[in-house]
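Down below is the structure, laid out as C-alpha cells.
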Amino acid sequence: MEKLFLHVCCGPCASYPLEFFQIERPSLNLELWFHNPNIHPKAEFNRRRDSLAFLALHHGLKVDFSSPYEPEKFMAELMKNPAPPERCRTCYALRFEAAAAEAAARGHQAFGTTLAFSRRQKHDLIMEEGGRAAKKHGLEFYYEDWRPGWHRGHEIARELGLYRQNYCGCIFSEFER
Ligand code: SF4
C-alpha cells in the first residue's frame, strides 16, 4: 500500500495513528479527511477541527476540511433508530460511506479511520461498517487496532495542548457523559 485515505475524527484520536504512520510506514502517502457531521454543537465542531489542524501542522501534514458540516441530514438518519448501539452503527455507516465515496473518487484503493484509536468506540461495528462501505466502492478497509497506543496518544495530546473533548460527539453523547 503506497497511499491511504484516512478519515479523521479529531486531534486526540489522530495523535497516536499519525505517530504510528511516521514510525512504521514513513513512505506512506497519507491523505487526511475531516468529515464529522455527528459533532454537536457547531462550536464543538470548530474546536475539534482547529485542534486537528494544529496537530497536522505539527506533523507537516495537511487535512482536507472541505466537507460541508450538515448535522441536520445526519440527525435525520440517526433519529430513525436513536438507541445505542444502532445509532453508532448509523453514525459510522454515514461517515464511512462518505469517506469511501471520496476515497474512490480520488483514486485510492483503501481507506481507514482514526476512530480505531479509541477505546470508547465500538470496534466490531467500525470493522463491519468500514468493510461494507469499502466493498461498495471497490476499496479495502484499512483497520489497525490502535487501542494499545491509548496512553501514548493522550500523552501527545497533552504535550501539544490539544483540546480534548469529554464526550463522543452527538447530542445524545453530550447528555450521557
Ligand atoms: S455516541 Fe459517538 S459513535 Fe455513537 S452516534 Fe453518538 S457520535 Fe456517533
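Every number for a ligand or one of its atoms is a count from 1 in the order of the listing.
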Atoms in ligand 1 with a heavy atom of Gln121 nearer than 4.0 Å: 3 (S)

Can you name the atoms of ligand 1, numbered from 1 with element, that are less than 4.0 Å from a heavy atom of Arg87? 1 (S), 5 (S), 6 (Fe)

Residues Glu155 and Arg158 bridged, charged N to O under 4.0 Å: no

Backbone or side chain, does Cys168 get an N/O/S atom under 2.8 Å to atom 4 (Fe) of ligand 1? no

Indicate, as side chain, backbone, both or neither, the part of Cys91 found under 4.0 angstrom from ligand 1 when only non-hydrogen atoms are considered. side chain

Is the terminal nitrogen or CZ of Arg48 (NZ for Lys, CZ for Arg) located under 6.0 angstrom from the six-membered ring centre of Tyr167 and within 45° of that ring's axis? yes

For Leu160 and Phe54, work out which heavy atoms get closest and say how close. O-CE2, 3.5 Å

Short N-O contact, Glu31 and Lys3, less than 4.0 angstrom: no

Less than 4.0 angstrom from a charged side-chain N to a carboxylate O is my criterion; do Arg89 and Glu128 meet it? yes

Nearest neighbour in protein (non-hydrogen) for atom 4 (Fe) of ligand 1: Cys88 SG, 2.3 Å

Which residue and non-hydrogen atom of the protein lie closest to atom 7 (S) of ligand 1, and at what distance in Å? Cys170 N, 3.3 Å

